[in-house]
Novice: 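Below you'll find the structure I mean.
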2 protein chains.
Amino acid sequence: MKNLPNHSKCSQCVMAQFCLPLGLSPKEIIEIDQLVSEKIQLNKGDAIYRQGDHSESIFSIRHGSFKTEISLPDGRGQILGFHLPGEFLGLDGVGSKQYQTQAVALEASEVCVMKFSQFEKYALDIPSLQIHLYQILNHEITNDQKHLLTLGSLSAEEKMACFFVNLSERRALRGLNSTEFDLSMGREEIGSFLGIQIETVSRVLSKLSEAGLIQIKQKHLKLIDLDELHKIAG
Amino acid sequence: MKNLPNHSKCSQCVMAQFCLPLGLSPKEIIEIDQLVSEKIQLNKGDAIYRQGDHSESIFSIRHGSFKTEISLPDGRGQILGFHLPGEFLGLDGVGSKQYQTQAVALEASEVCVMKFSQFEKYALDIPSLQIHLYQILNHEITNDQKHLLTLGSLSAEEKMACFFVNLSERRALRGLNSTEFDLSMGREEIGSFLGIQIETVSRVLSKLSEAGLIQIKQKHLKLIDLDELHKIAG
DNA sequence: CGAGCGTTTGAAATCGGTCAACAGCAGTGG
DNA sequence: CCACTGCTGTTGACCGATTTCAAACGCTCG
């Protein structure tokens, strides 16, 4: 994990249209140019923060991807989400002393670090920044709630379709190819996210593949029939 | 559903020590005496808000209990949580235009209504109120995340033990009897909350009962061996 | 007391889990 | 360049927890 010097101006960032500045005026964006205190580079497997770490920052993903997970003392764990560039991490630390989860890079990645204290400071002058934070937190809550519906009420096949549709939509939002791309997580991680076993993941993938809804070779995925996947996802 | 006139001063509320005023100074509590714009009485089955309703308030429970749930177009639904006096409802509306869930009374209940706009206004003068809202939102997030772990990684028996332990702890926090009480939800609702079928709920209850860990007759529950339930819950 | 609902219990079916073998690819080192 | 090794993913067979289907039980309330 490598800390870079502070030359991370949102106003000059290529990710600006998909990240925090979204919705701020050009003038306001320049005002928050000092908000990002540092950028951090991570290798695959590196954690930005771990369960129990003291929390004082949130993070936005510049490039790469992450998983967030929560663990039981006995070693079992649940992956809570996969996260793409422009999305935020560390939200479960806002308003509490410690992170309750951990965030781990799925590939070489880079994140921007924003201290809560800085955030509060800027929010006093820029009301829309405050509103923005509420929207980000809201997004986290509604996301988790939809995930609860998925884990609690859907079959393995429906869960998998949900996963693909959700990933596809989020990639589309960020201008990434939404029908053909490489998965940055393994089968085991998909299984943990969906509350099913790795073998079931594999079987459902084969089934969807045979049905002509997807093509998958190793980590390379092509979504052939998104409409039908949507129907299955419910 | 009946709206009461505005005579709902937090400074004089018996629930104050378990609700929003928690952590505020006496002076600050008097300052927020106008924050609750109204109180609403609900009968069993009444919804405070429904999925898709325009959101402009959060609610605190004065007495009674609620379930929050999210529904699929096809009728299937997932209960996200059960809520006790002093807890907050409508948090998935903070920072968004609409509620994504609905909140339904499980018995005759009463809630205090706080408009976001009012909240923002008071927060400008009372920084700890702002912090409080972050804490409340954080609580919602970490709760949902623990629920995800429960739904995704635990067996039916473990889920049920989790449910009891969680309920017991939350009641204890509020000075309610934490080992013997009446459940305000039916078996079907417990099943939806835990992602299992009603018959499985019934069978697990019988099993825990035979094992001497609980006693349950209809809705009346007595937790005999909380230690063991804790162990099962993981 | 009887209707109706919610709950319990039993038996059968099923989905997904577990166990086990194998295939595929990546990296290592001779 | 090609074994060798190890990891990840796939597939099959079997098993078991949970669901589904069905029936009976027992509250509650008019």
Side-chain angles (χ1 to χ4, degrees), chain A residues 43-45 67 74-79 104 106-108 150-164 182-211 214-222 232 234, chain B residues 43-45 67 74-79 104 106-108 150-164 182-211 214-222 232 234:
Chain A
N43 294 316
K44 179 173 177 170
K67 62 177 173 182
D74 71 2
R76 281 183 295 183
Q78 174 71 34
I79 291 184
V104 176
L106 293 170
E107 59 191 305
T150 303
L151 288 190
S153 305
L154 303 188
S155 70
E157 191 178 346
E158 291 169 324
K159 286 174 176 179
M160 192 67 78
C162 255
F163 170 63
F164 286 144
D182 286 316
L183 296 170
S184 59
M185 70 295 288
R187 303 291 191 268
E188 173 123 41
E189 291 165 322
I190 296 173
S192 170
F193 178 67
L194 296 175
I196 55 183
Q197 292 306 114
I198 184 172
E199 294 94 333
T200 305
V201 172
S202 198
R203 271 183 262 270
V204 173
L205 287 178
S206 300
K207 190 176 169 195
L208 293 176
S209 205
E210 280 162 32
I214 65 170
Q215 274 178 222
I216 188 161
K217 189 176 180 188
Q218 299 295 118
K219 305 220 159 176
H220 190 77
L221 175 67
K222 190 169 179 179
I232 294 176
Chain B
N43 294 316
K44 179 174 176 169
K67 61 177 173 183
D74 71 1
R76 281 183 294 183
Q78 173 72 34
I79 291 184
V104 176
L106 293 170
E107 59 191 305
T150 304
L151 288 190
S153 305
L154 303 188
S155 70
E157 191 178 347
E158 290 169 323
K159 286 174 177 179
M160 192 68 80
C162 256
F163 170 63
F164 287 143
D182 286 316
L183 296 169
S184 58
M185 70 294 290
R187 303 291 191 267
E188 173 122 41
E189 291 165 322
I190 296 174
S192 170
F193 177 68
L194 296 175
I196 53 182
Q197 293 306 115
I198 184 172
E199 294 93 332
T200 305
V201 172
S202 195
R203 272 183 260 270
V204 173
L205 287 178
S206 299
K207 190 178 168 194
L208 293 175
S209 204
E210 280 162 31
I214 65 170
Q215 273 177 225
I216 188 161
K217 190 175 181 188
Q218 298 296 118
K219 305 221 160 177
H220 190 79
L221 175 68
K222 191 169 179 178
I232 294 176

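Order of the sequence lines fixes the chain letters, A, B, ..., with proteins taken first and strands second; residue numbering starts at 1 for each chain.
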Novice: Any salt bridge linking B/Glu158 with A/Arg76? Criterion: basic side-chain nitrogen under 4.0 Å from a carboxylate oxygen.
Specialist: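 Yes, B/Glu158 and A/Arg76 are salt-bridged.
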Novice: Quick check: closest heavy atoms across A/Gly186 and A/Glu189, and the distance to 0.1 Å?
Specialist: N-OE1, 2.9 Å
Novice: State whether the side chain of B/Gln215 and the backbone N or O of B/Leu221 hold a donor-acceptor pair below 3.5 Å, judged by distance alone.
Specialist: no
Novice: Encode nucleotides 2-19 of chain C as B, S and - characters from 5' to 3', where the letter depends on protein heavy atoms closer than 4.0 Å: B to the base, S only to sugar-phosphate, - to neither.
Specialist: -----SBBBB----SSBB
Novice: Are A/Leu106 and A/Lys44 side-chain neighbours, meaning at least one heavy-atom pair lies under 4.5 Å?
Specialist: no
Novice: Can you tell me how far the CZ atom of A/Phe163 sits from the NZ atom of A/Lys159, to the nearest 0.5 Å?
Specialist: 13.5 Å
